[in-house]
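Position 1 is the first residue of the sequence; numbering continues from there.
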Amino acid sequence: SAALITAGLAACAAPVPSDPVTTADAMASRPLDTLPAEADLARVRQDLLATAADRFGDAALNEARAAPTHLVVKRFVGMAPPPPSGAGVDWRPTPAAALLVRRTQGWMVARGTGWRRADRDAAIELDAIIAEPAFWSEPAYTPPCPDFGASLLLLTAPGHAETVRNSLCMSRASRIVEAALRA
């Protein structure tokens with residue numbers, strides 16, 4: 001049993017191949033409204049790319065993916081707030097998402113109409129966490145804790161293979177997601 005858990009965790013920490021799902025295929029997909037419990041890292045990657053294309057446009061996603069450092073994040077809430085007045089029985093909050101690119105002048109955040117400079121404090125936090133060796137050695141999957149939800153990220157940075165993370169509890173990856181959403 002312990003050996004099975006160890007093998008499972010080692011598989012979760014393995015880097016995601018850079019193109020298990022092509023960007024074009026992912027951009028043609030529909031973003032997830034809820035994260036299935038069985039979602040593997042390839043499905044997480046596909047959802048992140050589909051969400052970025054849907055929310056910020058294909059052009060912004062392609063521009064970001066061409067940059068040496070880019071970040072796509074999405075946050076599914078854990079304990080959902082009550083539905084708004086008049087909402088249907090299947091109402092769910094829309095997951096928060098962000099698309100960022102690191103340029104020579106710093107982090108830039110995609111908006112439907114272009115790019116804007118990231119919040120200074122959030123940008124400093126992003127740079128600090130991404131520079132930590134501990135972030136890069138952290139498992140790609142963080143097991144769940146009560147009411148947390150899910151923090152997903154896809155990050156490409158110089159000197160590192162593309163990484164996809166699925167954090168179901170606090171982790172360095174979930175801190176990057178939170179900073180990116182504040183940016």
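Atom-to-atom distance recorded for Ile124:CD1 and Ile129:CD1 is 12.0 Å, nearest 0.5 angstrom. Residue Trp107 holds its CH2 atom at 5.0 Å from CG of Leu71, rounded to the nearest 0.5 Å. Distance CG/Leu155 to CD/Glu162: 8.5 Å, rounded to 0.5 Å. In this structure, CG in Leu32 is found 9.5 Å from CG in Leu48, a value given to the nearest 0.5 Å. A distance of 9.5 Å separates CG of Leu49 from CG of Leu99, quoted to the nearest 0.5 Å. With values rounded to the nearest 0.5 angstrom, Met108 atom CE is found 9.0 Å from Arg116 atom CZ.
Residue pairs meeting the side chain to side chain donor-acceptor pair (under 3.5 Å) criterion with at least one member in residues 171-183, sequence neighbours excluded, are Arg75-Glu178, Glu125-Arg182, Glu132-Arg172, Ser167-Ser171.
For Arg120, the CZ atom sits in a loose shell: 12 or fewer heavy atoms of surrounding residues, nucleotides or ligands are nearer than 6.0 Å.
Trp115 contributes no side-chain N or O that, together with a main-chain N or O of Ala60, makes up a donor-acceptor pair within less than 3.5 Å. Judged purely by atom type and a 3.5 angstrom limit, Arg45 has no side-chain atom pairing as donor or acceptor with the backbone of Thr163. Side chain of Asn62 to backbone of Asp58: a donor-acceptor contact under 3.5 angstrom is found. Between the side chain of Asn166 and the main chain of Leu152, no donor-acceptor pair closer than 3.5 Å is present. Side-chain atoms of His160 never come within 3.5 Å of backbone atoms of Ala157 as a donor-acceptor pair (strictly under, hydrogens ignored). The backbone N or O of Val44 sits nowhere less than 3.5 Å from a side-chain atom of Lys74 that would complete a donor-acceptor pair.
The two atoms that bring Val164 and Ala140 nearest to each other are O-CB, 3.6 Å, heavy atoms only.
Transitive grouping of hydrophobic side chains (ILVMFWY, heavy atoms separated by less than 4.5 Å) brings Leu153 and Val109 into a common cluster.
With a 4.5 Å cut-off on side-chain heavy atoms, Thr156 and Thr69 do not count as touching. With contacts defined as side-chain heavy-atom distances shorter than 4.5 Å, the pair Leu126/Ile176 qualifies.
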